[in-house]
Visitor: 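Input: one structure, supplied below.
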Amino acid sequence: MTAIALRFLAGRFHATPWGHHVNEGVPEWPPSPWRLLRALVASAKRTLPDLPDDRLADLLAKLAAPPHVTLPPACPGMSRHWMPWYKKGPHDRTLVFDTFLAVDPQAEVVFSWPDLALGDSDLDLLKQILAGLTYFGRAESWAEARLVDEPGSPNCLPLTPEVRLGPDVELVEVLAPAVADDPLALLHALMVDTGDMRRANRLVPEGSRWVTYARPVGAVWVDPVPQPVPVESPPVQLIRFALSGKPLPPLTDALRVGELARRAALKVVNERTGETPSPVLSGHGSIAKGQHGHAHFLPEDRDADGRIDHLAIWVPAGLDLTEAGALVGGMRLFRTWHEPELELMLEGYWTEEELTKHPAPVGHSAVWESETPYVLTRHPKRTRTGVPKMTELGEQRDGPEDQVRREWALRQAANPALPDLLKVERVPFLVRGSRTLRWIEFRRWRETGGGPATGLGYGLRLHFAAPVRGPLALGYACHFGLGQFRPVVT
């Protein structure tokens with residue numbers, strides 16, 4: 001018995017099956033035997049440069065038979081990237097889909113050869129090669145590998161007459177080495193460059209073959225199952241969703257998305273609980289009077305590409321678990337009839353205690369900078385002749401600097417633990433990727449309710465006496481996406 005265990009340190013396996021384009025979004029599972037042997041070759045060539053080819057080829061030939069595989073549960077995921085293309089010029093970009101499988105970082109994929117007994121020298125060599133293996137698949141699939149004595153019960157087997165087929169089994173083809181009498185020919189085939197293959201109009205390398213594996217149905221979990229909110233748990237303070245849709249809305253539409261999110265939240269809570277949403281969620285009632293403890297619907301651009309890719313529902317007063325469960329299980333964002341629906345995928349939820357101990361999901365800094373424009377709730381003061389009235393700090397009375405100081409003082413009165421606001425600076429614009437966004441480009445009027453005092457939006461940088469835990473949203477429509485600040489790492 002010989003067995004190799006593979007663990008993905010980041011919890012992701014990035015690999016596209018042979019014969020498929022990366023933008024097809026097809027993940028490889030199980031990892032192909034051909035990929036395993038190529039990974040061994042890459043590790044040996046990098047870490048053991050003096051190893052003779054015939055010695056390496058002899059070891060690989062012994063591992064060429066299709067192994068049994070033990071697969072842990074896996075869930076497909078995808079991210080999208082605009083990559084340099086240069087086909088139409090230096091600023092040309094092409095959209096690339098990065099499909100991956102999410103697995104438990106502590107779980108292992110085990111390849112086992114029940115009838116293979118390697119000698120001590122082969123085992124020592126294989127241990128050295130596995131010790132040098134740092135990734136498996138694409139370079140972002142960080143991995144570590146080791147030899148194991150007890151591989152457990154494999155659940156993914158190469159198809160033979162002895163393999164039982166039934167409704168709980170599905171068939172999948174993967175690439176494997178062909179049985180060859182010449183180990184060096186196998187080694188050279190494993191070292192083939194994919195660019196050379198394309199130039200030779202080959203989809204699969206020489207010396208390979210397709211092998212059918214029987215894997216359990218559900219080995220790749222694809223049905224989104226909402227994460228349940230425990231019945232006995234402290235109130236939820238933050239829920240974050242990832243947005244899926246094409247195209248994603250621009251960050252300049254943050255106010256519109258925030259209003260859509262509130263509308264969707266009230267609708268799903270009413271449908272799932274049969275009750276009117278609480279004042280904490282709706283914003284109506286005593287909780288809304290000056291404390292800002294009710295729900296904030298905050299669209300986020302977490303990858304800084306200028307488009308909204310996440311939605312955070314932040315409830316400082318804490319959200320009832322029944323309502324939190326309804327939001328987790330069924331929120332959907334519908335735009336106008338000619339725009340596609342935005343799907344929401346739960347990323348996680350946190351209680352106040354969790355955010356206090358680990359504020360990474362919301363940020364923690366003494367300096368915060370505008371992510372969406374700060375919009376005034378009061379008119380800046382001027383004399384009858386149009387001259388701005390100034391404060392003792394040399395700022396216009398009820399100008400953006402003065403209003404944010406006034407608003408922060410009210411927040412401090414409600415929560416004395418908040419630090420002092422030391423300095424307020426103007427930020428002329430927001431940079432997102434290759435774009436420069438002016439604050440006036442953002443939507444600044446709500447569809448319902450009262451409008452702002454003025455139509456202008458401002459970018460500000462706030463300096464506090466001590467680090468402040470986020471989220472931080474101030475000014476007009478701060479519960480719907482305007483006036484958001486992001487932490488500045490200093």
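Keep in mind the model is a prediction, meaning the values are calculated, not measured.
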Visitor: Identify the two heavy atoms, one from P419 and one from A466, that lie closest to each other, and give their separation to 0.1 Å.
Guide: CG-O, 3.5 Å

Visitor: What verdict does the side-chain contact (heavy atoms from CB on, under 4.5 Å) test give for S282 and L266, after you've listed the backbone C-alpha separation in whole Å, the side-chain angles of each residue and the deciding distance to 0.1 Å?
Guide: CA-CA 7 Å; S282 67; L266 300 184; 4.0 Å; yes

Visitor: Evaluate the criterion side-chain contact (heavy atoms from CB on, under 4.5 Å) for residue pair V315 and V236; output intermediate values, then yes/no.
Guide: CA-CA 8 Å; V315 189; V236 173; over 6 Å; no

Visitor: Side chains of F111 and P30: does their closest heavy-atom pair fall under 4.5 Å?
Guide: no

Visitor: Evaluate the criterion salt bridge (Lys or Arg N to Asp or Glu O under 4.0 Å) for residue pair E401 and R405; output intermediate values, then yes/no.
Guide: CA-CA 6 Å; E401 294 87 354; R405 290 181 187 277; over 6 Å; no

Visitor: Provide the closest heavy-atom pair for P452 versus R444 in the form atom of the first, atom of the second, distance.
Guide: CG-O, 3.6 Å

Visitor: With a 4.5 Å heavy-atom cut-off, do H296 and P471 have their side chains touching?
Guide: no

Visitor: Are the side chain of R215 and the backbone N or O of W29 linked by a donor-acceptor pair below 3.5 Å?
Guide: yes

Visitor: For the pair R446 and L255, evaluate side-chain contact (heavy atoms from CB on, under 4.5 Å) and give the outcome as yes or no after the intermediate values.
Guide: CA-CA 7 Å; R446 288 188 57 193; L255 177 57; 3.9 Å; yes

Visitor: To the nearest 0.5 Å, what is the distance between CD on E343 and CG on L333?
Guide: 10.5 Å

Visitor: Mind listing the closest non-hydrogen atom pair of P299 and G258 along with its distance?
Guide: CG-N, 3.7 Å

Visitor: Answer whether the closest heavy-atom distance between the side chains of V367 and R461 falls below 4.5 Å.
Guide: yes

Visitor: Looking at every non-hydrogen atom in both residues, tell me the closest pair between P359 and R469 and how far apart they are.
Guide: CB-CG, 3.8 Å

Visitor: Work out which heavy atom in A107 is nearest to a heavy atom in R7; give both atom names and the distance.
Guide: O-CG, 3.5 Å

Visitor: Measure across P361 and L238 and return the closest heavy-atom pair with its distance rounded to 0.1 Å.
Guide: CB-CD2, 4.5 Å

Visitor: Are the side chain of Q237 and the backbone N or O of G318 linked by a donor-acceptor pair below 3.5 Å?
Guide: no

Visitor: Will you find, in the side chains of R272 and T322, an N or O donor that is under 3.5 Å from an N or O acceptor?
Guide: no

Visitor: Has N415 got a side-chain atom pairing as donor or acceptor with A417's backbone, closer than 3.5 angstrom?
Guide: yes

Visitor: Using side-chain heavy atoms (C-beta onward) and a distance below 4.5 Å, is R146 in contact with E108?
Guide: yes

Visitor: Decide if atom NE2 of H364 counts as having more than 12 heavy atoms of other residues, nucleotides or ligands within a radius under 6.0 Å.
Guide: yes

Visitor: Could you tell me whether R302 and E371 have a side-chain N and a carboxylate O separated by less than 4.0 Å?
Guide: no

Visitor: Could R486 and E369 be called an ion pair, given the rule that one side-chain N must be under 4.0 Å from one carboxylate O?
Guide: yes

Visitor: Is F442 close to L430 at the side-chain level, that is, under 4.5 Å between some pair of heavy atoms?
Guide: yes

Visitor: Taking E259 first and then R263, would you say they form a salt bridge - that is, a charged N and a carboxylate O separated by under 4.0 Å?
Guide: no

Visitor: Once you measure the plane-to-plane angle for F464 and W408, does it fall in the parallel (<30°), tilted (30-60°) or perpendicular (>60°) bin?
Guide: tilted

Visitor: Under 3.5 Å, is there a donor on one side chain and an acceptor on the other for E425 and H463?
Guide: yes

Visitor: Tell me whether the count of non-hydrogen atoms from other residues, nucleotides or ligands lying under 6.0 Å of CZ in R435 goes above 12.
Guide: no

Visitor: Does L342 reach the side chain of L260, with side-chain heavy atoms less than 4.5 Å apart?
Guide: no

Visitor: Rounded to the nearest 0.5 Å, how far apart are CG of D301 and OG1 of T372?
Guide: 11.0 Å

Visitor: Between the main-chain N or O of L281 and the side-chain N or O of E323, is there a donor-acceptor pair closer than 3.5 Å?
Guide: no

Visitor: Going by the angle between their ring planes, with limits at 30° and 60°, are H294 and H479 parallel, tilted or perpendicular?
Guide: parallel

Visitor: With no hydrogens and no angle check, is any side-chain donor or acceptor of T356 less than 3.5 Å from a backbone partner on E352?
Guide: yes

Visitor: Regarding K357 and E353, does a basic nitrogen lie under 4.0 Å from an acidic carboxylate oxygen?
Guide: yes

Visitor: Distance check, rounded to the nearest 0.5 Å: K381 atom NZ versus Q396 atom CD?
Guide: 9.0 Å

Visitor: Check step by step if side-chain contact (heavy atoms from CB on, under 4.5 Å) holds for D420 and Q412.
Guide: CA-CA 8 Å; D420 292 335; Q412 281 185 303; 2.9 Å; yes

Visitor: Test Y374 against every option in V424, L456, L474 by the side-chain contact (heavy atoms from CB on, under 4.5 Å) rule and name the one that passes.
Guide: L474

Visitor: Under the 3.5 angstrom rule, does the side chain of S370 hit a backbone N or O of L460 as a donor-acceptor pair?
Guide: yes

Visitor: With a 3.5 Å distance limit and no angle check, can you tell me whether S141 reaches the backbone of H14 through a side-chain donor-acceptor pair?
Guide: yes

Visitor: With no hydrogens and no angle check, is any side-chain donor or acceptor of E447 less than 3.5 Å from a backbone partner on R256?
Guide: no

Visitor: Mark yes when over 12 heavy atoms from residues, nucleotides or ligands other than I440 sit less than 6.0 Å from its CD1; otherwise mark no.
Guide: no

Visitor: Does E354 reach the main-chain N or O of T351 with its side chain, forming a donor-acceptor pair under 3.5 Å?
Guide: yes

Visitor: With rounding to the nearest 0.5 Å, note down the distance linking OG1 in T252 to CZ in R443.
Guide: 8.5 Å

Visitor: Are the side chains of R46 and T134 in touch, meaning some heavy atoms are under 4.5 Å apart?
Guide: yes

Visitor: Is it the case that over 12 heavy atoms from other parts of the model lie below 6.0 angstrom from the CH2 atom of W142?
Guide: no

Visitor: Are the charged groups of D402 and R378 less than 4.0 angstrom apart, N to O?
Guide: no

Visitor: Got a second to check how far W314's CH2 is from W350's CH2, nearest 0.5 Å?
Guide: 14.5 Å

Visitor: Between L6 and F13, is any pair of side-chain heavy atoms under 4.5 Å apart?
Guide: no

Visitor: How far does OH of Y476 sit from OG1 of T454, to the nearest 0.5 angstrom?
Guide: 11.0 Å

Visitor: Check whether S32 reaches the backbone of V174 with its side chain - one donor and one acceptor, N or O, closer than 3.5 Å.
Guide: no

